[in-house]
Amino acid sequence: MDDQRIANYTAALQFAEEQVAATIQRHPDYFPIYTTDGQWFHQGELWTDWTGGFFAGMMWKFHQRTSDAAWRERAEHYSRLLEHRQVDRNVHDLGFIFLNTYLPWYQLTGDERLHQILITAGRTLAKRFIEPGQYLCSFIGLDSLFIDIMMNVPLIFYAANEADNEELRRIATAHCRTTRDRLVRSDGSTAHEGIFDLRTGEFLRQSTHQGLRDDSAWARGLAWSLYGYSKCYGLTGREEFLDVSERNASYWLSHLPEDNIPYWDFDADLSQPLPWGPQKDSSAAAIAASGLLDLARQTPSAEKATTYRNTALAMLDVLASPPYLAVRDSGWEGILKHGVYHTKKNLGVDESVMWGDFFFVEALTKAIGSAGK
Ligand code: GLY
């Protein structure tokens with residue numbers, strides 16, 4: 001990676017630190033989800049409470065990069081505020097919450113209490129398993145499987161490995177296979193949701209909440225799948241998961257627009273007015289960039305590794321400057337502009353979203369960390 005790129009990414013990370021520090025100061029102990037007109041604090045609907053680990057997770061990333069004790073203190077404080085979520089049965093997002101907070105904290109300290117919190121959170125998530133359909137159900141209902149859960153199931157594999165628990169491993173493996181067979185299409189694109197007959201476990205249909213159509217390719221869902229299967233491969237060594245991530249990557253690479261930032265849905269009709277038409281989703285780009293860097297490290301093909309890494313860096317180059325980086329927008333509280341949360345509900349459309357900021361920070365940190373390797 002050349003010096004100019006390292007300098008740009010470092011400047012973006014410094015800006016990210018400033019934005020997070022300012023948000024902490026303005027809204028102490030508040031976990032933002034999405035902005036409204038660039039402001040994190042508002043009375044907008046949460047839809048579901050799933051993003052606390054991203055805000056605290058950025059604080060851990062800043063501490064890891066700078067060794068600044070103030071970031072560690074903030075990271076520990078915000079992580080503690082999430083501890084009670086280890087037994088939260090209402091969300092399917094415990095991986096997002098705990099792998100980005102208690103895992104780095106445990107890795108830093110070796111503290112067994114933190115280790116046990118991670119394992120408990122993994123066991124809690126596994127309780128969402130629906131035996132007849134062989135999947136972990138989404139927060140929507142027992143009959144609903146989300147592609148997003150692929151980024152959370154690594155917490156169950158982690159707990160299975162740490163506790164040497166075959167039952168947790170069975171559940172996580174079955175979930176990955178059901179998602180592959182029901183939500184991942186043969187061209188590598190993904191559906192957002194699958195609906196099952198609860199009694200028989202029969203798969204009924206693909207569906208969506210945040211994508212354009214039931215049969216479309218919601219960009220963020222594809223990014224969740226690409227990165228989720230890559231993580232699951234890392235935790236299990238199962239090539240069947242690497243294969244899914246590479247199929248997702250192949251769809252991503254062959255459908256990315258020329259400016260390297262996806263529209264919110266790969267099937268969006270660009271002739272339609274916003275927000276249904278040519279609305280970008282910077283958060284999908286940030287997640288996929290981090291996922292592609294992960295996949296580049298894991299794929300046995302040197303040629304694919306180069307392609308994945310170069311695409312990730314090309315996406316990060318665009319995100320790390322305006323109009324995506326909010327560096328010229330004084331008063332804008334987020335880091336990345338032009339993300340989308342939920343189009344149909346009109347939540348966080350063309351705004352900053354907490355997961356976009358987190359995965360942008362994660363990807364930049366990874367890219368700089370692996371420079372020259
Ligand atoms: N439901 C998680 C997401 O918005 O990606």
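Counting convention: from 1, in listed order, for ligands and their atoms alike. Numbers here simply count residues along the sequence, with the first being 1.
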Next on the checklist: In this structure, is the centre-to-centre distance between the rings of Trp47 and Phe139 below 6.0 Å?
Outcome noted: yes
Checklist entry - Contact between Phe146 and ligand 1, counting heavy atoms under 4.0 Å? => result no
Next on the checklist: Would Asp148 count as being in polar contact with ligand 1, using the rule that some N or O on each side must be under 3.5 angstrom apart?
Outcome noted: yes
Checklist entry - Can you tell me how far CG of Leu198 sits from CD of Glu202, rounded to the nearest 0.5 angstrom? => result 12.0 Å
Next on the checklist: Give the atom numbers and elements of ligand 1 that come within less than 4.0 Å of a heavy atom of Trp50.
Outcome noted: 2 (C), 3 (C), 4 (O), 5 (O)
Checklist entry - Does any N or O atom in Tyr341 lie less than 3.5 angstrom from one in ligand 1, N or O only? => result no
Checklist entry - Can you tell me how far CZ of Arg180 sits from SG of Cys232, rounded to the nearest 0.5 angstrom? => result 12.0 Å
Checklist outcome for this item: Among His209, Met151, Arg220, His92, closest by heavy atom to atom 4 (O) of ligand 1 is Arg220
Next on the checklist: Before we go on, tell me: are the rings of Phe146 and Trp224 under 6.0 Å apart, centre to centre?
Outcome noted: no
Checklist entry - Which is it for Phe139 and ligand 1 at heavy atoms under 4.0 Å: side chain, backbone, both or neither? => result neither
Checklist entry - Mind checking whether Trp47 has an N or O less than 3.5 Å away from an N or O of ligand 1? => result no
Checklist entry - Side chain, backbone, both or neither: which part of His342 comes within less than 4.0 Å of ligand 1 when only heavy atoms are counted? => result neither
Checklist entry - So does Asp294 pair up with Lys231, basic N to acidic O under 4.0 Å? => result no
Item to check | side-chain hydrogen bond (donor to acceptor under 3.5 Å, both in side chains) between Trp332 and Ser352, intermediate numbers included | outcome: CA-CA 9 Å; Trp332 190 279; Ser352 289; 2.8 Å; yes
Checklist entry - Hey, which atoms in ligand 1 end up nearer than 4.0 Å to a heavy atom of Trp224? => result 3 (C), 5 (O)
Checklist entry - So is Trp218 close enough to ligand 1, meaning a heavy atom under 4.0 angstrom away? => result yes
Next on the checklist: Between Asp350 and Gln279, is the side-chain hydrogen bond (donor to acceptor under 3.5 Å, both in side chains) condition met? List the steps.
Outcome noted: CA-CA 7 Å; Asp350 204 21; Gln279 172 62 51; 3.3 Å; yes
